[in-house]
Chemist: 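I have a structure here, written as structure tokens, and I will follow up with some questions on it.
All values below come from the heavy atoms of this structure, side chains included, with hydrogens, waters and symmetry mates left out. In listed order, ligands and their atoms are each counted from 1. The structure presented is a predicted model; accordingly, all values stated were derived computationally and were not measured.
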Amino acid sequence: MAAALTLARRMARSGVLPLCRQLLAWGRAPRQPPGLPLAQCRAFSNNKIMVELDESSGVATMKFKSPPVNSLSLDFLTEFCISLEKLENNRACRGVIITSAVPKIFSSGLDITEMCGKSTEHYAEFWRAVQEMWLRLYGSNMVTVAAVNGSSPAGGCLIALSCDYRIMVENPKFSIGLNEAQLGIVAPFWFKDTFVNVVGHRVAERSLQLGSLHSAPEAHRLGLVDELVPDEKLQEKTGAVMAQWLALPDHARQLTKSMMRKAVLDRLVAHREEDIQNFISFISKESIQKSLRLYMEMLKKKKG
Ligand code: CO8
């Protein structure tokens, strides 16, 4: 409840209210009377994420479009949570495909500028939004498929890991992984739990300690992604996988998903405030701030 209120306050402050109205209107859209052709597709473009719902199949697509790298800023995370919640509450929607409209990048992970030189209050608000994003996505009742069409480090990888199935473009230049250790920071326990649940303890332990970013073929070998496809086949393959998952009765699949994920979700819910305090005290350390600044400088130098 407290989280929902924070989110609502944040929506009011961040000017996402027009988006909320749009989403609410969409959620309330009258259902087509039987016998009439369904409105095939509802689409709207927000600031950072484009959402499209095909009512005939019950499948929505959330396409990240926040150049240059789809970094997960506070605004991005807020928009993500609102969009996902509206889809979750829309009976016409049973599955969501998450992908990117930015060439070569799925998501660069958490926006590092949100974790540098900001106030304690800001860190708390930002981290609550990161938690909220994961709780909603990992705990979603819908079928979630990540169509990873570009690099996906850290928080970007977490989004993919939180889906039910991951299909990645087979380009060996695209990488994915939880590389936090390379930045001198530590992936929180619920990032780790999500990773372990996908690839197993040994692979996760090694990959996390080394902060590895795995090329697409390597990620496939490790089980981090389920399938590799050529770019031009991504849409078709994602649609086919989604159809396969949607062929099952929702209630059986949803209860099974909840059974598999509940313990991990409950762990964060039970330790949410503590996790926020841990994040604040960790990220506020001068040594950590220095590591992040150096990392950002390194990213900029790499260009020149
Ligand atoms: N946040 C903010 N800005 C970023 C980020 C980011 N995550 N990633 C890239 N940028 C910026 C770059 O600085 C650059 O800015 P500018 O144009 O002003 O110089 C711009 O985006 C474009 O970046 P690149 O030139 O590097 O673009 P490329 O297409 O060459 O490469 C990559 C794209 C591969 C995504 C590359 O930018 C990259 O590797 N980025 C860093 C990714 C990363 O390491 N993310 C980790 C974030 S931390 C996280 O998600 C989890 C933290 C958990 C916290 C736990 C604490 C307790």
Chemist: Distance to 0.1 Å, residue and atom name: give those for the protein heavy atom nearest to atom 20 (C) of ligand 1.
Modeler: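 Result: P68 CG, 3.7 Å.
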
Chemist: Check whether more than 12 heavy atoms from other residues, nucleotides or ligands sit under 6.0 Å from atom NZ of K257, and answer yes or no.
Modeler: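 Atom NZ in K257 is packed in, count exceeds 12.
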
Chemist: Does atom NZ of K63 have more than 12 heavy-atom neighbours from other groups under 6.0 Å away?
Modeler: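 At most 12 heavy atoms, drawn from other residues, nucleotides or ligands, come within 6.0 Å of this atom.
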
Chemist: Can you list the ligand 1 atoms lying under 4.0 Å from a non-hydrogen atom of D111?
Modeler: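 Under 4.0 Å from D111, ligand 1 has these atoms: 1 (N), 2 (C).
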
Chemist: Please check whether N179 reaches ligand 1 - meaning an N/O of the residue sits under 3.5 Å from an N/O of the ligand, judged on distance alone.
Modeler: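 By distance alone, the answer is yes.
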
Chemist: Verify whether the ring centers belonging to F76 and F64 lie closer than 6.0 Å.
Modeler: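 Ring centres of F64 and F76 closer than 6.0 Å.
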
Chemist: With under 30° as parallel and over 60° as perpendicular, where do the rings of F279 and F126 fit, or are they tilted in between?
Modeler: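 It falls in the tilted class, 30° to 60°.
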
Chemist: Within a distance under 4.0 Å of any heavy atom of G109, pick out the atoms of ligand 1 and give their elements.
Modeler: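 Near G109, meaning under 4.0 Å from one of its heavy atoms, ligand 1 has 50 (O).
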
Chemist: Without hydrogens or angle criteria, can the side chains of E205 and Q209 be said to hold a donor-acceptor pair below 3.5 Å?
Modeler: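 Side chains of E205 and Q209: pair found under 3.5 Å.
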
Chemist: Compare A187, S108, P188 and give the one whose heavy atom is closest to atom 8 (N) of ligand 1.
Modeler: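 The residue whose heavy atom sits nearest atom 8 (N) of ligand 1 is S108.
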
Chemist: Going by distance only, is there an N or O of V186 that falls short of 3.5 Å from an N or O of ligand 1?
Modeler: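 No; the residue has no nitrogen or oxygen that sits under 3.5 Å from a nitrogen or oxygen of the ligand.
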
Chemist: With atoms numbered from 1 as shown, which atoms in ligand 1 lie under 4.0 angstrom from a non-hydrogen atom of F282?
Modeler: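 Listed by number with element: 57 (C).
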
Chemist: Give me the nearest non-hydrogen protein atom to atom 25 (O) of ligand 1 as residue plus atom name, then the distance to 0.1 Å.
Modeler: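 That would be K303 CE, 3.2 Å.
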
Chemist: Side chain or backbone of Q182 under 4.0 Å from ligand 1, or both, or neither, by non-hydrogen atoms?
Modeler: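 It is neither part, as no heavy atom is under 4.0 Å.
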
Chemist: Against heavy atoms of G155, which atoms of ligand 1 measure under 4.0 Å?
Modeler: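 Result: 49 (C), 50 (O).
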
Chemist: Out of L183, I283, L299, who gets a non-hydrogen atom closest to atom 48 (S) of ligand 1?
Modeler: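 Result: the heavy atom closest to atom 48 (S) of ligand 1 is in L183.
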
Chemist: Tell me, which protein residue and heavy-atom name are nearest atom 34 (C) of ligand 1, and how many Å apart are they?
Modeler: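 The answer is S151 CB, 4.3 Å.
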
Chemist: By number and element, which atoms of ligand 1 are closer than 4.0 Å to a non-hydrogen atom of P153?
Modeler: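 Here the atoms of ligand 1 in question are 42 (C).
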
Chemist: So, regarding S71 and ligand 1 (criterion: nitrogen or oxygen to nitrogen or oxygen, under 3.5 Å), is there a contact or not?
Modeler: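 Min N/O separation from ligand 1 is not below 3.5 Å for S71.
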
Chemist: Among all protein heavy atoms, pick out the one at the shortest distance from atom 31 (O) of ligand 1; state its residue, atom name and that distance to 0.1 Å.
Modeler: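 Checked against all protein heavy atoms, atom 31 (O) of ligand 1 sits closest to K302 NZ, 3.6 Å.
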
Chemist: Which atoms from ligand 1 have a heavy atom of I112 less than 4.0 Å away?
Modeler: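 Going through ligand 1 atom by atom, the ones under 4.0 Å from I112 are 1 (N), 2 (C), 6 (C), 7 (N), 47 (C).
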
Chemist: I'd like to know if M259 and V198 are part of one continuous hydrophobic network [Ile/Leu/Val/Met/Phe/Trp/Tyr, side-chain heavy atoms within less than 4.5 Å].
Modeler: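 V198 does not cluster with M259.
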
Chemist: May I ask you to identify the nearest protein heavy atom to atom 22 (C) of ligand 1, giving residue, atom name and distance to one decimal place in Å?
Modeler: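 The closest heavy atom on the protein side is V69 CG1, 3.9 Å.
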
Chemist: Honestly curious: do L255 and W245 fall in one hydrophobic cluster under the side-chain, below-4.5 Å linking rule?
Modeler: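 Looking at the clustering, W245 is in a separate group from L255.
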
Chemist: Would you say the side-chain atoms of E114 pair up with the backbone N or O of L74, donor to acceptor, closer than 3.5 Å?
Modeler: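 Yes; at least one donor-acceptor contact below 3.5 Å.
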
Chemist: Which protein non-hydrogen atom lies closest to atom 47 (C) of ligand 1, naming both residue and atom, and how far is it?
Modeler: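 Result for atom 47 (C) of ligand 1: L110 O, 3.5 Å.
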
Chemist: With a 4.0 Å heavy-atom cut-off (strictly under), which part of K104 contacts ligand 1: side chain, backbone, both or neither?
Modeler: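 Neither; nothing of K104 gets under 4.0 Å from ligand 1.
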
Chemist: Using a 6.0 Å cut-off, check whether atom CZ of R206 has over 12 heavy atoms from anything other than its own residue.
Modeler: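 No.
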
Chemist: Do H122 and I280 touch side chain to side chain, with heavy atoms closer than 4.5 Å?
Modeler: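 Side chain of H122 against side chain of I280, heavy atoms only: no contact under 4.5 Å found.
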
Chemist: If you apply the rule side-chain hydrogen bond (donor to acceptor under 3.5 Å, both in side chains), what do you find for S71 with D111, and how did you get there?
Modeler: CA-CA 5 Å; S71 64; D111 191 321; 3.1 Å; yes

Chemist: So does M260 have more than 12 non-hydrogen atoms from other groups sitting under 6.0 Å from CE?
Modeler: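 Result for CE/M260: open.
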
Chemist: Only heavy atoms of I185, strictly under 4.0 Å: list the atoms of ligand 1 that pass.
Modeler: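 Taking each heavy atom of I185 in turn, ligand 1 has 52 (C), 54 (C) under 4.0 Å.
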
Chemist: Can you report which non-hydrogen protein atom sits closest to atom 49 (C) of ligand 1, along with the distance?
Modeler: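 Scanning the protein heavy atoms, the shortest distance from atom 49 (C) of ligand 1 goes to A154 CB, 3.3 Å.
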
Chemist: Fit a plane to each ring of W127 and F191, take the angle between them on a 0 to 90° scale, and name the class: parallel (under 30°), tilted (30 to 60°) or perpendicular (over 60°).
Modeler: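 The arrangement is parallel - the two ring planes meet at less than 30°.
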
Chemist: Take atom CD in Q235; do more than 12 heavy atoms of anything else shown fall under 6.0 Å from it?
Modeler: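 No.
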
Chemist: How far is atom 32 (C) of ligand 1 from its nearest protein heavy atom, and which residue and atom name does that atom have?
Modeler: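 Nearest neighbour among protein heavy atoms for atom 32 (C) of ligand 1, to 0.1 Å: I105 CD1, 4.2 Å.
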
Chemist: Under 4.0 Å from a heavy atom of K300: which atoms of ligand 1 are those, numbered in the order shown and with their elements?
Modeler: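 That gives atoms 13 (O), 15 (O), 16 (P), 18 (O), 19 (O) of ligand 1.
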
